[in-house]
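As structure tokens, the structure follows; a few thoughts come after it.
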Amino acid sequence: MASVVAASAALVLGVTNSAVAADHTMHTGDAWGNVPGVDWSGTGFFNEYGDVVTIKDNDADGRGVTMNVYIGDPSGNPRYSFSVGGEGNTNTRKASMGGVYNLPENTYIGFKFCRSPDGECKDYKFLNDH
């Protein structure tokens with residue numbers, strides 16, 4: 001039993017550390033997003049090394065969250081999009097998946113992170129220089 005508890009603690013610590021270690025943290029543009037101490041509908045993380053983009057649905061509100069990823073400004077047609085729904089659920093895309101998920105280095109990467117399906121969004125842009 002002790003080994004199960006220790007393994008569970010290590011797993012939780014590993015998940016927590018990966019989110020804390022994110023190069024960039026984002027949140028959805030929902031109405032509560034600018035109120036200190038109030039959860040956003042979703043939280044997103046971008047780690048430049050490995051081009052890892054993770055999104056999490058924070059609310060049991062019947063809605064999900066969608067991340068649109070762009071080369072340059074977050075406008076026009078995204079390079080790729082992905083979603084997740086259900087409170088506490090996460091979804092990840094990374095360069096090791098190949099194709100569109102391998103983002104160019106020394107280039108600005110745009111993100112449009114939305115609560116879905118109503119589309120309350122917030123835009124971000126970060127230099128992918130790792």
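The minimum heavy-atom distance linking Gly99 with Arg79 is given by the pair O-NH2, 3.8 Å. The two residues Thr66 and Ser116 have their closest heavy-atom pair at OG1-OG, 3.3 Å.
Proximity of a side-chain donor or acceptor of Asp57 to a complementary backbone N or O of Gly86 within less than 3.5 Å is detected. Between the side chain of Asn47 and the backbone N or O of Asp23, at least one donor-acceptor pair lies under 3.5 Å.
Here OG1 of Thr92 is found 10.0 Å from CZ of Phe45. Values are rounded to the nearest 0.5 Å. Within the model, atoms OG1 of Thr25 and CZ of Phe46 stand 12.0 Å from one another, a figure rounded to the nearest 0.5 Å. Residue Phe113 holds its CZ atom at 5.5 Å from CD1 of Ile55, rounded to the nearest 0.5 Å.
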Take Tyr80 and Arg93 through the side chain to side chain contact (heavy atoms under 4.5 Å, CB included) test and state the conclusion after the steps.
CA-CA 10 Å; Tyr80 70 87; Arg93 298 294 184 267; 3.8 Å; yes
Candidate pair His27 and Lys122, rule side chain to side chain contact (heavy atoms under 4.5 Å, CB included), full reasoning
CA-CA 7 Å; His27 60 79; Lys122 184 158 175 119; 3.5 Å; yes
Asp59 vs Arg115, test: side chain to side chain contact (heavy atoms under 4.5 Å, CB included). Steps then yes/no.
CA-CA 10 Å; Asp59 292 332; Arg115 182 172 72 177; over 6 Å; no
Evaluate the side chain to side chain contact (heavy atoms under 4.5 Å, CB included) criterion for residues Asp129 and Glu48: first the C-alpha distance (whole Å), next the side-chain angles of each, then the deciding distance (0.1 Å), finally the verdict.
CA-CA 7 Å; Asp129 60 354; Glu48 295 174 24; 2.7 Å; yes
Please output the side-chain donor-acceptor pairs of residues 68-75 that fall under 3.5 Å, not counting sequence neighbours, one pair per line with the distance.
| from | atom 1 | to | atom 2 | distance (Å) |
| --- | --- | --- | --- | --- |
| Asn68 | OD1 | Ser81 | OG | 2.5 |
| Asp73 | OD1 | Lys125 | NZ | 2.8 |

Per-pair distances, 0.1 Å, donor-acceptor, side chain in residues 100-111, under 3.5 Å, sequence neighbours excluded:
| from | atom 1 | to | atom 2 | distance (Å) |
| --- | --- | --- | --- | --- |
| Thr107 | OG1 | Glu105 | O | 3.0 |

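For residues 42-91, no residue pair satisfies the disulfide bond (SG atoms under 2.5 Å apart) rule, not counting sequence neighbours.
Side-chain contact check for Met26 versus Phe126: some heavy-atom pair is nearer than 4.5 Å. Here the side chains of Lys56 and Val84 are not in contact, with every heavy-atom distance at 4.5 Å or above.
Linking ILVMFWY residues whenever their side-chain heavy atoms come closer than 4.5 Å, directly or via other members, places Val53 and Met97 in the same cluster.
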